[in-house]
Undergrad: 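Take this structure first; my questions come after.
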Amino acid sequence: MRDYTHIAGAILIFLTFAYLTNFSNLLIGIFFAGWISVFPDIIDRLTGKHRGIGHSIFWLIPFSLIGLWDLPIAVAIIIGFLSHIFLDILTTHGCPLLYPIQDRILSVLIEKEE
C-alpha cells in the first residue's frame, strides 16, 4: 500500500475511535496516528527488508510504555501502528507479525495464479 493510504486509514480509524470514546485530543491524535502509520515502512527502508522488523507486533511494547508518560499520545500511536498492520494484512503480500522470531506471513488474500 502507498503511504497516503496508510495515513488516511489511520486517521479514519482514529477519528472513529475518538467519536466512540469522546476522545478530546483530536489534533494531537490525528498527527500521531498519521505519522506512526508510516513508521513500519520507514523502519523497513532503513533496514533494507520490506515487511521486516518494522512490521512486527513487538513494537507495541515500547509504544505502550509511552502510555505511562502520556496516554492520549500512546493511544494515537498504537492506533496508527495497528492500522498499518491491519491494512497490510488485507493485501496479497500480508504481514510478518512475529518477525524476527518467525517469518510466517499473515494475509487474508491469496494471489491468484494464472
Side-chain angles (χ1 to χ4, degrees):
M1 278 193 181
R2 305 272 183 205
D3 288 344
Y4 57 83
T5 309
H6 284 297
I7 293 169
I11 291 172
L12 178 65
I13 292 170
F14 175 77
L15 288 175
T16 303
F17 170 82
Y19 175 76
L20 294 173
T21 61
N22 291 325
F23 199 75
S24 61
N25 297 333
L26 285 180
L27 292 179
I28 290 172
I30 289 169
F31 172 77
F32 279 101
W35 180 73
I36 292 296
S37 70
V38 294
F39 173 82
D41 289 336
I42 292 170
I43 293 298
D44 288 345
R45 283 183 197 128
L46 293 173
T47 61
K49 181 178 185 336
H50 186 60
R51 303 229 170 131
I53 192 72
H55 287 74
S56 174
I57 60 169
F58 296 117
W59 284 103
L60 290 175
I61 296 167
F63 293 159
S64 298
L65 292 175
I66 294 171
L68 299 173
W69 171 67
D70 193 337
L71 186 60
I73 290 176
V75 168
I77 287 173
I78 290 170
I79 288 173
F81 180 75
L82 288 177
S83 72
H84 184 105
I85 301 302
F86 174 73
L87 290 172
D88 276 356
I89 288 172
L90 294 177
T91 67
T92 56
H93 300 294
C95 189
L97 294 180
L98 297 176
Y99 189 87
I101 295 173
Q102 186 179 38
D103 280 346
R104 185 172 180 198
I105 302 292
L106 177 63
S107 177
V108 296
L109 300 175
I110 300 171
E111 280 190 72
K112 186 177 180 180
E113 293 184 30
E114 295 180 28

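Just so you know, residue 1 is the first one in the sequence shown, and it goes up from there. These figures come from a predicted structure and were not determined experimentally.
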Undergrad: Please table the atom pairs, donor to acceptor, closer than 3.5 Å between any side-chain atom in residues 10-28 and protein atoms at least two apart or in another chain.
TA:
residue	atom	partner	partner atom	Å
Thr16	OG1	Leu12	O	2.9
Thr21	OG1	Phe17	O	2.7

Undergrad: Would you kindly confirm whether Ile36 and Ile30 end up in one hydrophobic cluster when ILVMFWY residues are joined by side chain heavy atoms under 4.5 Å apart?
TA: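 Different hydrophobic clusters.
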
Undergrad: Please name the pair of heavy atoms, one in His84 and one in Asp41, separated by the smallest distance, quoted to 0.1 Å.
TA: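 Taking every non-hydrogen atom into account, CE1-OD2, 3.1 Å.
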
Undergrad: Is Arg2 paired with Asp88 through a side-chain N to carboxylate O contact shorter than 4.0 Å?
TA: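 Not counted as a salt bridge, because no side-chain N and carboxylate O are separated by less than 4.0 Å.
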
Undergrad: Heavy-atom distance under 4.5 Å between the side chains of Ser37 and Phe81, does that happen here?
TA: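 No, too far: nothing below the 4.5 Å cut-off.
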
Undergrad: List the atom pairs, donor and acceptor, that lie under 3.5 Å between side-chain atoms in residues 60-79 and the rest of the protein, sequence neighbours left out.
TA:
residue	atom	partner	partner atom	Å
Ser64	OG	Leu60	O	2.6

Undergrad: Are Leu82 and Val38 connected in the hydrophobic side-chain network, where two residues link if heavy atoms are under 4.5 Å apart?
TA: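 No, it is not one cluster - the side chains of Leu82 and Val38 are not joined through contacts under 4.5 Å.
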
Undergrad: Taking the six-membered ring for Trp, are Phe39 and Trp35 parallel (under 30°), tilted (30 to 60°) or perpendicular (over 60°)?
TA: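 Rings of Phe39 and Trp35: tilted, 30 to 60°.
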
